[in-house]
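This report concerns only the one structure given below.
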Protein chains: 2
Amino acid sequence: MVIEGENVQEEGLVPEESVVAQSLRDAILERRLGPGSRLPEEQLVEIFSSSRGRIRRVLLALAREHIVVIQPGRGAFVASPDQEEAKDVLATRRMIEVGVLERPCQPLTEERLATLRQVLKEERQAHKTHDAARMIRWSGQFHLELARGLGNAVIAGIVSELILRTSLIIAIYERNNTTCCLKADHDLLLKSIEAHAWPEAARLMSRHLLEIEHNLDFSVSVKPGLSLKLALLG
Amino acid sequence: MVIEGENVQEEGLVPEESVVAQSLRDAILERRLGPGSRLPEEQLVEIFSSSRGRIRRVLLALAREHIVVIQPGRGAFVASPDQEEAKDVLATRRMIEVGVLERPCQPLTEERLATLRQVLKEERQAHKTHDAARMIRWSGQFHLELARGLGNAVIAGIVSELILRTSLIIAIYERNNTTCCLKADHDLLLKSIEAHAWPEAARLMSRHLLEIEHNLDFSVSVKPGLSLKLALLG
DNA sequence: AGACCACATAATGTTAACAATATTTGTTCA
DNA sequence: TGAACAAATATTGTTAACATTATGTGGTCT
């Protein structure tokens, strides 16, 4: 199944740059690229057969999305959100994603509902085959599709960015592979939505996001990541 | 009175670039630069005594904020949000800014409340002296300070961006200088907040933003803007 | 061993020149 | 007059070379 990319808009980037940006976002989302990883321009040029100018534009764009940090004179790194940022990102997601369920900007069409079911199916499939990367990807896609269906394009763009930041946060602070256990949450959520039980759905979403937040352990420090080539090509 | 700039974070830009970016944001916020205005690199280089490389980075950053559009091969222009985007931006603001009042991420400290009062005072002052630019600026600042005080840094960043987009939207679609008439809204809002009457405050905020939306006239077309030098230096 | 310093290496930051492309201007002709 | 074309101009896109700045290495001294 093919669904439009995780991210929604690529303002200011030419198509070739979008591809690079999306590859990096994918690698970050699926945790092949961990927080703090160096992103040397020259290596990225090689990997993507691009030019330094283009790579630099992409890195700036990703810095503006808060998933990359540019340290002047030192280079670009995958971001390592601190505890405060982690809490803020989760709280913001709660505000928006619960808000969208409580007071939708638009009614959920049958078509979008079908997409949601399909996404959930993919998520279950990934879970069954223990494919962690695909699990994360489709889990995020579920949240994004909800924002698309009940919210609007602007909200979807915001949520898309927050999902990526969440992925980094979980990569740093997750307690003990708790992520996988939350699988049932999306099932219940979709059931409530199908039943038009919006208050119940909102409650589930709130609990779902709070649970993620509560499963974070802010006492841990850093974790090493893969090498660039392995992360982006392997 | 001095309050930190409208925008919150300048990830990936060096200070000199931030200054240019903020100048352009200011010009757009205060409607000295209108939707559709051309932004030729060479002129910006002259005006800000900067280099093309820097200007280009700034333009990309602003494109990512949806207040500038880069047309490949043609250059950068101040964005002209269409009707759909206008409705989405206002709906998103409603969702977030009402949400922040209904379920604050943090209690409003006395210090922040004082700032809000001060901002409102400036707003009234600007209104009394018929200083349109300052009116817009402080009006936006009021919304931003609310997001800072009741939300968090992430929410404030989002709201900050949405305020700028709203300024462009109003510049295009405002019916008949209705903006100035909404002055009393912020007064009432602050009164409700001071009385801890959150549901009432939320209702007022919702009405306030809906009113802005309803005062838009989507039948109008474009309006000309000032010259670059006049807008940015005058 | 460990702190310190100088050098070598590698990475990023910057610039200027050139190439490619739009836009404007000017001319011709119907 | 105004439509159509062509040349001139102006603007953006791209690259490569260079300057600047970090990083790593090796050696010396205490």
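Note that these values count all heavy atoms, side chains included, but never hydrogens, waters or copies made by symmetry. Below, read A as the first sequence line, B as the second, and so on, with proteins coming before strands; counting in each chain starts at 1.
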message: Tell me whether the side-chain N/O atoms of B/Ser51 come closer than 4.0 Å to OP1 or OP2 in C/dT14.
response: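 Indeed not, no polar side-chain atom of B/Ser51 lies that close.
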query: At under 4.0 Å between heavy atoms, what does A/Gly53 touch on the DNA or RNA strands: base, sugar-phosphate, or nothing?
result: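 The residue A/Gly53 makes no contact with any strand.
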Touch class at under 4.0 angstrom, heavy-atom based, for A/Gly73 against every strand present: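 Sugar-phosphate contact only.
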query: Are A/Asp217 and A/Ser219 close enough that a side-chain donor and a side-chain acceptor fall under 3.5 Å?
result: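 There is such a pair between these side chains.
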Could you give the [atom1]-to-[atom2] distance, from [X] to [N], as a whole number of Å?
| X | N | atom1 | atom2 | answer |
| --- | --- | --- | --- | --- |
| B/Arg54 | C/dG13 | CZ | P | 10 Å |
| B/Arg38 | C/dA22 | CZ | P | 12 Å |
| B/Glu46 | D/dA10 | CD | C1' | 14 Å |
| A/Glu16 | D/dT14 | CD | P | 8 Å |
| B/Ile55 | C/dT14 | CD1 | P | 13 Å |
| B/Leu60 | D/dT12 | CG | C1' | 15 Å |
| A/Ile70 | C/dT12 | CD1 | C1' | 11 Å |

- request: Step through it carefully: locate the ring centre of A/His143, locate the ring centre of A/His208, and say whether they are under 6.0 Å apart.
  value: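 Yes: the rings meet the under 6.0 Å criterion.
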Options [options], nucleotide nearest the side-chain atoms of [X]:
| X | options | value |
| --- | --- | --- |
| A/Arg56 | C/dT14, D/dT12, C/dG13 | C/dG13 |
| B/Arg74 | D/dT12, C/dA22, D/dT23 | C/dA22 |
| A/Glu41 | C/dG13, D/dT15, D/dT12 | C/dG13 |
| A/Arg52 | C/dT14, D/dT15, D/dT11 | C/dT14 |

- prompt: Between B/Arg25 (side chain) and B/Val20 (backbone), is there a donor-acceptor pair under 3.5 Å?
  reply: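 Checked: no pair found.
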message: Are A/Glu10 and A/Gln22 packed together at the side-chain level, in the sense that at least one heavy-atom pair is separated by less than 4.5 angstrom?
response: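 A side-chain contact exists here, since the closest heavy-atom pair is under 4.5 Å.
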Exceeds 12 heavy-atom contacts within 6.0 angstrom, atom CD of A/Glu84: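 No - once you tally the heavy atoms of other residues, nucleotides and ligands closer than 6.0 Å, there are 12 at most.
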- request: Find which nucleotide of DNA chain D each of A/Pro72 and B/Glu42 is nearest to by heavy atoms, and output the residue with the more 5' nucleotide.
  value: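 In this pair, the answer is B/Glu42.
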